[in-house]
Each structure stands twice: as structure tokens, then as C-alpha cells.
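Here's the structure, in C-alpha cells; my notes come after.
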Amino acid sequence: MQREKILEVKNLKTFFNTKDGVIKAVNGVNFDLEKGEILGIVGESGAGKSVTGFSLLRLIDPPGEILEGSIKFKGQDLMKINKRNMNKIRGKKISMIFQDPMASLNPVLTIGQQLIEVLQFHLNYSRKKARNRAVELLNMVGISSPEKRMKHYPNQLSGGMRQRVVVAIALASDPEVIIADEPTTALDVTIQAQIIGLMKNLIKDRQTSLIFITHDLALVSEIADRILVMYAGDIIEYGSKESIISNPAHPYTQGLINSIPVLDKDQKRLKQIKGLMPSPLDLPEGCKFRSRCSKKTDYCKNNDNKLKKINNNHYSTCSEAYQLQKELIAGVG
Amino acid sequence: MKLLEVNNLKKHFSVNDSFLANLLNKNSQVHAVNGVSFSINKGETLSLVGESGCGKSTIGRTILGLYEPTEGEISYCGKKISQMSKKEKFGLKEKMQMIFQDPFSSLNPRQKVKDIIKEPIRSHDIVSREEEKDYILNLLDKVGVDGSYLNRYPHQFSGGQRQRIGIARSLSMEPDFIVADEPISALDVSIQAQILNLLMDLQDEFDLTFLFIAHDLSVVKHISDRVAIMYLGKIFEIGDKKDIFAEPIHPYTKALFNSIPELTTTTKEKFSVLSGDVPDPIQLPQGCYFHSRCKYAEEICLKEKPELKEVNGRKVACHQL
Ligand SMILES: Nc1ncnc2c1ncn2[C@@H]1O[C@H](COP(=O)(O)OP(=O)(O)O)[C@@H](O)[C@H]1O
Ligand SMILES: Nc1ncnc2c1ncn2[C@@H]1O[C@H](COP(=O)(O)OP(=O)(O)O)[C@@H](O)[C@H]1O
Ligand code: SF4
Ligand SMILES: [Mg+2]
Ligand SMILES: [Mg+2]
């Protein structure tokens with residue numbers, strides 16, 4: 001059964017006009033987000049993950065610009081609505097969690113004041129109702145003595161506790177979508193496990209959809225339903241988690257999976273991907289991974305970088321993978 | 001042969017003039033390292049593992065003489081460093097080197113690559129002026145940096161390349177022992193594999209001994225011979241990598257291992273294996289430092305500090321074994 005599509009992103013293009021030239025951060029990406037699903041966006045730094053996340057909320061400031069594309073939120077194109085309506089959606093229907101909790105918290109307001117403010121602004125709660133709900137929310141994200149913590153300032157909390165407060169604020173308005181950009185990257189693994197477990201449970205209960213942005217493929221494989229791999233501003237592979245992890249189609253994804261040391265396997269040398277991601281100021285024609293790819297053929301420099309279907313749950317831009325798949329199907333037929 | 005020996009090392013920092021100290025209104029101490037002992041054999045890699053703030057870097061820096069130990073002894077080649085002459089200590093500076101997490105902050109932004117490497121070579125008189133250029137080119141070649149980049153500045157390189165330059169500088173004095181403090185944590189996965197492979201190749205070629213500091217367990221498993229798991233400035237478990245990874249024994253080691261994300265096709269259902277946070281190193285808890293988060297804690301754990309004792313071929317500090 002098809003689940004309801006909460007977000008449908010078509011041909012989203014975000015560039016930055018800098019003095020060194022045009023940075024093509026996001027090059028026309030297409031994807032959708034279903035109700036209640038966790039969609040993981042992975043890729044190395046500079047791949048365009050954060051810019052994609054910010055673009056969804058139209059949080060791109062000059063010199064950046066969303067050049068093209070539509071972002072349909074429950075059928076309504078966010079690119080076409082006015083600023084005021086966008087402000088109503090942002091933080092209420094779609095909320096965001098960042099890597100650094102201090103980017104979302106105000107250092108001079110207490111935790112309680114910040115939660116109450118969100119509840120009053122987005123849900124028109126009375127002060128008293130907001131206060132009670134704030135305590136409930138803190139309790140829900142596993143903060144002990146929430147009454148006491150309400151009076152604390154962000155700098156009186158540990159990094160893990162701050163991020164839990166940010167999760168509480170993100171959930172306060174009961175959003176339909178949460179975009180979490182590396183929410184646990186700055187935290188230790190045991191605290192990361194706490195926060196991930198917490199987020200997962202909370203959104204499952206409410207059927208909230210989550211876009212989880214990270215550089216950590218292992219982490220994303222533990223929580224995502226579907227995965228989207230970005231490289232140099234493109235989505236190069238997209239599909240169900242099972243299919244991508246067990247059968248990566250794009251040589252870059254294959255390389256990423258092979259370069260992670262595996263705990264229960266002994267290897268003397270790690271497989272490495274040679275070279276670097278190309279500069280977004282100077283992207284090559286055709287497949288952008290070409291210079292690092294061990295499987296390239298003559299065809300790759302003409303690759304249109306469009307996602308090609310491998311099966312119903314799996315797409316990749318790699319022409320080689322696509323060719324191979326076609327031959328396999330032809331062989332079977 | 002034991003190359004390095006650390007005996008009951010303690011390092012406390014005073015925070016008299018900090019905001020926190022004023023708040024608490026007393027002469028506070030950050031108890032960064034609280035009695036740590038281990039040794040490393042020549043050619044071996046020992047990894048220190050543990051979450052941020054558990055004292056890993058402080059141990060590394062104290063070994064390299066960047067901090068004075070508060071208590072305890074460090075010996076190199078069987079000789080106590082505290083009893084070495086000035087000249088011996090200067091010589092030791094060549095033998096013991098450091099590779100940092102952030103290659104950018106450890107390289108002078110105003111120096112060209114050749115000068116970055118030249119500086120230690122000259123101050124320790126490693127090669128003659130005539131041989132210098134060839135020596136530097138050879139080093140760059142070993143770490144995989146193109147010799148034509150001699151006149152470039154650090155900002156003109158990627159993070160991985162900068163780390164290679166940092167490694168070349170550390171190698172320039174022909175060290176025996178290297179403290180690598182999270183050398184790949186700041187790099188992308190595909191680049192991490194490149195640098196890990198490089199470090200292991202260099203270890204083989206130059207018979208290097210590593211103290212490897214990290215929090216990523218899969219990386220630690222890959223590179224180490226032995227592993228020490230730390231918490232609040234104490235070693236909780238230390239032993240052969242194979243033994244510990246086959247069966248972590250200390251309750252904290254177990255929790256830590258369970259928290260590490262692993263590549264999988266099935267969605268993980270149960271997260272959060274540990275509740276709460278690490279206690280404040282300014283006010284160390286009584287008894288076992290882990291008792292506030294340990295599900296096995298009993299009366300004795302709140303009162304007495306467990307010492308390291310032999311269990312299944314490794315050493316573990318826990319009362320419940
Ligand atoms: N405000 C900005 N000005 C100029 N370039 C930017 C800005 N924000 C992001 N970029 C560029 O856009 C590209 C994608 O960045 P980002 O989405 O942050 O990558 P990721 O999150 O995948 O690490 C990078 O090359 C980055 O340098
Ligand atoms: N120079 C210093 N002065 C005061 N406190 C310090 C100093 N260096 C480290 N610390 C404190 O000592 C503890 C251990 O730090 P560190 O050795 O850097 O841990 P790790 O490397 O395991 O993350 C931390 O609580 C840290 O804040
Ligand atoms: S000594 Fe007690 S509190 Fe400490 S780890 Fe062992 S069981 Fe847990
Ligand atoms: Mg980012
Ligand atoms: Mg450190």
C-alpha cells in the first residue's frame with residue numbers, strides 16, 4: 001500500500017553566487033517523503049545535504065538562491081506561498097534540529113521560557129497550559145527533575161541534555177515533518193544512542209516523518225526506511241535501505257560501504273576511494289564521480305546524472321549499474 | 001620489549017579562576033587522569049578509547065611532556081623521564097611525536113609546506129642543508145603528497161592532504177613513538193580509510209610504536225594490537241584487541257560497544273543502553289566512577305573503587321566479576 005506523501009521535491013536547485021564563481025550546491029534533486037517514514041540523507045561534507053535541508057524550509061540567504069524547483073508539502077507548493085505563511089509552517093508543521101544545539105537555543109532565556117514561547121506562538125496556548133505542557137515535554141525527552149530544569153539556562157546543561165531540549169522544542173508544536181541535520185554528530189556514542197532511541201520512539205508514536213541528515217552511513221542504516229546518497233550536489237542513489245545497503249548500485253556508495261571498517265570482520269587494509277569530491281565551483285560534465293571511479297567507461301562522461309530505475313525501490317545515476325541491470329534483465333527474459 | 005611504561009599517572013588541572021570555581025566558591029580541580037597504568041611494546045599499537053573528556057588527550061600530552069604529571073611516573077626505554085637530563089629530554093623530543101586531530105590548527109597557516117617540515121629538521125639537526133630538500137621530498141612522497149606542492153600553504157589543501165602533511169612533519173625527526181590523537185576524526189569516511197592505510201603502512205616501514213587515541217571503535221579495532229577503555233580518567237578494561245572485541249566484559253565497555261552504529265539492513269529497535277551522563281570530573285564520585293549509570297551496581301560499588309584485575313586474559317576493574 002502506498003503511504004501518503006508528505007513532501008514531494010522536484011528539480012530543486014540551490015546555487016551560491018560567490019566572488020570565486022557559482023557554487024552549485026544542489027543540482028536539481030528529486031525525492032519524496034512519506035508519512036511516518038525516516039528518510040536518511042548521507043554523503044560526505046560539502047555534498048549538499050545541509051543546503052538541501054535548508055532549502056526545504058526556504059532558509060537560504062544571499063548569496064544563495066533557490067533557482068528552480070517545487071517543494072510540495074501535502075500538495076501545497078512551498079515555493080509559491082508568501083513569507084508570512086511560510087513562517088507559520090516553519091517550526092510548526094516542519095521543524096528542524098541542528099548539529100549544534102546552541103544554534104537553536106537562546107543562551108539568555110531559560111529552557112522553560114523557550115519551550116513556553118514556542119507553545120504560545122505556534123499553538124496559542126495560555127501561559128499556564130504552555131507551562132504544564134513544557135514540563136511534560138521535558139519529561140518525555142528524558143530530562144530528570146523537569147520542574148527544576150525549566151529554570152536553567154542552556155549553559156547549565158550538558159551537550160546531550162541540550163540536544164534533548166532541542167528535540168523537545170522541535171516536537172512541541174507536534175510537527176508533521178522534522179528535518180534533523182547531523183543532530184548527534186557532536187555527541188558521544190552512548191549519548192547519541194540515547195537521543196536516536198528517543199527521537200525514534202517519539203516520532204513513531206505520532207507518525208511524524210523524519211529527514212535524517214548525516215555523514216554516518218552506519219548510523220543511518222540503523223534507523224532509516226529509505227536512504228538517499230548525495231554526491232557533489234546530486235542524489236546519486238536513492239531507495240529502500242535494505243536494497244541500498246545489501247546491493248549498492250553506485251560505485252561511490254559501494255566505495256563508502258567498503259571503506260568503513262567492519263567490527264566483526266578482520267581486514268588488513270581498508271578499501272579506499274582514491275581522490276576527492278570535485279569542487280562545486282568546477283563540476284565536471286557527465287558523471288561527477290568519474291575521476292575517482294574504477295568502473296568508468298566511455299559512456300560515463302555523457303551521463304545525464306538522472307536517477308535510473310534499478311527496481312521499484314531502488315534508483316541510481318550510474319550508467320554502468322543501469323546498463324548491467326538491463327543486460328541482466330534481458331538475459332533473464 | 002617495553003618501549004613506554006606509564007605508572008599510576010594522575011593529572012589534575014586547577015580551575016581556581018574559572019567561572020565554575022567562583023560559582024562553587026572553592027579551589028576546584030578537574031580530575032582529568034586518575035591513576036592510569038599501562039605499557040606499550042615496541043612496534044605495537046595501543047588504543048585509548050572512551051568518550052570525550054575521559055582524559056585520553058591529557059594522557060597523550062603528559063607522555064609527550066606537554067604537561068607535568070600531578071603524580072606517577074612515565075618511563076621510556078626503561079628509564080624514568082623525570083630522572084633524565086636536559087640533553088636526554090631534548091633527544092626524547094625527536095623520538096616521541098604527535099599527530100593531531102585537526103591538521104589545520106596544528107599547521108602554521110603562514111608557513112609553506114616546505115618550511116613546516118624544515119623547521120623541526122633544522123632545530124634538531126636531522127640532516128645537512130644539502131640533503132634537506134631531498135629529505136623533505138622523500139617524506140612527502142612517503143605520505144602521498146605531490147612534491148610539486150612544496151611552496152603551497154596549508155589552506156590550499158584538503159583536510160586529508162593536510163593530515164598527510166602533519167604526518168610528514170611528525171616523521172621528519174625519525175621518531176620511534178607516535179601519539180596519534182584522533183588523527184582521522186575530522187575527516188570524511190572515504191578519506192579516513194586513506195589515512196588509516198597510510199598510518200599502518202608507515203608503521204610497518206619504520207617500525208613505529210603508536211598510542212592511538214580514538215572514540216570510533218571500528219577504527220580502533222582495525223588499527224590496534226591492544227585496547228584500553230577509559231572512563232573519567234580511569235582504565236576500566238585493558239587487553240588484547242581480539243579478546244576485548246570478541247567479548248567485552250566491563251559493564252561500561254559492553255554499553256559502549258552496544259552504542260556503536262553498525263552497517264545493517266535491518267532497522268535497530270532498541271537504542272539507549274545507558275541512561276544519564278558522565279559525572280563531573282571536578283567532583284569525582286565515591287566508589288566505582290561508573291556506578292551512577294551501571295545496572296549491576298550494588299552496595300560495594302558505591303563505596304569502594306574497583307582495581308584492575310585479571311579476567312579472561314585481560315584486566316578489568318569491576319566489583320561484580
Ligand atoms: N552560505 C554559503 N555560501 C557559499 N557556499 C555555501 C554556503 N552554504 C553552503 N555552501 C556550499 O554548498 C556546498 C554544499 O554544502 P552543504 O550542503 O553544507 O554540504 P553538507 O551538508 O553535505 O556537508 C558546499 O560546497 C558549501 O561550501
Ligand atoms: N588544560 C586544561 N585545563 C583544564 N582542564 C583541562 C585541560 N585539558 C583538559 N582538561 C579537562 O580534563 C578532562 C579530560 O580532558 P581530555 O584529556 O581532553 O579528554 P579526551 O581527550 O578524552 O576528550 C576534561 O574534563 C577536560 O575539560
Ligand atoms: S564496579 Fe559496580 S558499578 Fe562499577 S561497573 Fe562494576 S558493577 Fe558497575
Ligand atoms: Mg552539513
Ligand atoms: Mg581528546
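Just so we're on the same page: letters track the sequence lines, and every chain starts at 1.
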Checklist entry - Should the ring pair B/Tyr231 and B/Phe236 be called parallel, tilted or perpendicular, given that the plane angle runs from 0 to 90° and is split at 30 and 60? => result parallel

Checklist entry - Do you know which of A/His215, A/Met161, A/Lys200 has the most heavy-atom pairs with chain B at a distance under 4.5 angstrom? => result A/Lys200

Next on the checklist: Sort by residue number and list every residue of residues 201-212 of chain B having at least one heavy atom under 4.5 Å from chain A.
Outcome noted: B/Asp201, B/Asp204

Checklist entry - Would a distance-only check, ignoring hydrogens and angles, find a side-chain to backbone donor-acceptor pair under 3.5 Å from A/Glu237 to A/Ala249? => result yes

Checklist entry - Could you give the distance from OG (B/Ser259) to CD (B/Glu51), rounded to the nearest 0.5 Å? => result 7.0 Å

Checklist entry - When you measure from the side chain of B/Glu237 to the backbone N and O of B/Ile229, does any donor-acceptor pair fall under 3.5 Å? => result no

Item to check | A/Ser246 versus chain B, the contacting section by heavy-atom distance below 4.5 Å | outcome: both

Next on the checklist: Report which part of B/Ile191 has an atom under 4.5 Å of a heavy atom belonging to chain A: side chain, backbone, both, or neither.
Outcome noted: side chain

Next on the checklist: Taking the cut-offs as 6.0 angstrom to the six-membered ring centre and 45 degrees off its axis, would you call B/Lys268 and B/Phe271 a cation-pi pair?
Outcome noted: yes

Next on the checklist: Donor-acceptor check, side chain of A/Arg164 to backbone of A/Gly142, threshold 3.5 angstrom: yes or no?
Outcome noted: yes

Checklist entry - Would you say the side chains of B/Thr45 and B/Arg226 form a donor-acceptor pair under 3.5 Å? => result no

Checklist entry - Heavy-atom distance under 4.5 Å to chain A: side chain of B/Leu256, backbone, both or neither? => result both

Item to check | When B/His215, B/Gln194, B/Arg293 are compared by non-hydrogen pairs under 4.5 Å with chain A, the top option | outcome: B/Gln194

Checklist entry - Parallel, tilted or perpendicular for A/His250 and A/Tyr252, by the 30°/60° rule? => result perpendicular

Item to check | Under 4.5 Å from any heavy atom of chain B - which part of A/Asn201 | outcome: neither

Item to check | Closest-packed option against chain B by number of heavy-atom pairs under 4.5 Å, given A/Glu242, A/Lys271, A/Gln192, A/Lys241 | outcome: A/Lys241

Next on the checklist: For A/Lys204, is there an ion pair with B/Glu269 - N to carboxylate O distance below 4.0 angstrom?
Outcome noted: yes

